[in-house]
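This report concerns only the one structure given below.
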Amino acid sequence: MEAMTIIDYCFYAAMGLTVVFCALIFLMLVIWIMGKFEFGGKKEEAPAKAGAPAAAAAAAPAGPVAPGTAGELKLYDTDPRDAAMIMAIVADELGKPLNELRFTSIREVRK
């Protein structure tokens with residue numbers, strides 16, 4: 001049996017890397033193509049529960065906002081206390097004051 005040379009090792013390493021990268025490119029293309037199509041359609045908004053904070057916020061008069069605020073915030077299945085906690089955590093992690101951030105909606109994700 002003949003011993004392998006360094007050229008043989010390099011050839012096999014290059015072939016292995018080529019196979020791996022071709023597989024990754026193929027998977028990337030499959031994911032990209034699947035992203036172009038909407039499988040299952042879009043999910044509709046969950047209806048607001050009776051007495052939910054989102055319904056109370058929608059019923060509030062749309063008067064002028066206070067200086068330093070970013071406008072309206074929509075809450076979907078989220079307690080206002082939890083939403084305030086989430087906004088404070090995001091502001092702290094980003095290292096920015098809360099009045100420089102704009103939150104448009106907060107939704108609880110259930111699995």
Side-chain angles (χ1 to χ4, degrees):
M1 187 164 153
E2 190 176 314
M4 290 180 57
T5 64
I6 189 78
I7 295 174
D8 292 332
Y9 287 121
C10 290
F11 174 75
Y12 288 123
M15 289 300 294
L17 287 172
T18 302
V19 169
V20 169
F21 279 109
C22 287
L24 288 174
I25 290 170
F26 174 74
L27 287 174
M28 181 183 69
L29 288 174
V30 168
I31 292 171
W32 179 75
I33 289 170
M34 288 179 64
K36 292 293 182 184
F37 300 103
E38 292 183 24
F39 294 104
K42 291 190 178 226
K43 294 183 180 179
E44 293 187 20
E45 298 290 325
K49 297 177 187 173
V65 295
T69 61
E72 184 179 338
L73 171 65
K74 295 180 184 177
L75 300 177
Y76 298 99
D77 296 330
T78 305
D79 185 43
R81 180 177 175 267
D82 294 337
M85 185 86 70
I86 291 167
M87 291 187 290
I89 291 170
V90 169
D92 184 57
E93 289 292 320
L94 292 175
K96 291 191 172 254
L98 193 55
N99 65 344
E100 289 182 8
L101 299 176
R102 181 164 191 238
F103 295 91
T104 56
S105 68
I106 297 177
R107 176 176 313 197
E108 180 179 354
V109 177
R110 297 180 187 185
K111 292 188 178 188

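Numbering starts at 1 and runs along the sequence shown.
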For the hydrophobic clusters of this structure (ILVMFWY residues joined by side-chain heavy atoms under 4.5 Å, transitively), does one cluster hold both [X] and [Y]?
{"X": "Phe37", "Y": "Trp32", "result": "yes"}
{"X": "Leu94", "Y": "Ile106", "result": "yes"}
{"X": "Met15", "Y": "Tyr9", "result": "yes"}

Would you compute the distance between atom [atom1] of [X] and atom [atom2] of [Y] and round it to the nearest 0.5 angstrom?
{"X": "Lys96", "Y": "Leu101", "atom1": "NZ", "atom2": "CG", "answer": "7.0 Å"}
{"X": "Ile33", "Y": "Met28", "atom1": "CD1", "atom2": "CE", "answer": "10.0 Å"}
{"X": "Ile31", "Y": "Lys36", "atom1": "CD1", "atom2": "NZ", "answer": "14.0 Å"}

Nearest non-hydrogen partners of Ala83 and Leu75, listed with the distance:
CB-CD2, 3.5 Å

Work out which heavy atom in Glu108 is nearest to a heavy atom in Asp77; give both atom names and the distance.
OE1-O, 2.8 Å

Answer yes or no: does atom CG of Leu24 have more than 12 heavy-atom neighbours from other residues, nucleotides or ligands under 6.0 Å?
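Count over threshold, so yes.
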
If you count heavy atoms of other groups shown closer than 6.0 angstrom to CE of Met4, is the number above 12?
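Above 12, so yes.
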
Check whether Thr18 reaches the backbone of Gly16 with its side chain - one donor and one acceptor, N or O, closer than 3.5 Å.
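No; judged by distance alone, with no hydrogens or angles, the pair does not exist.
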
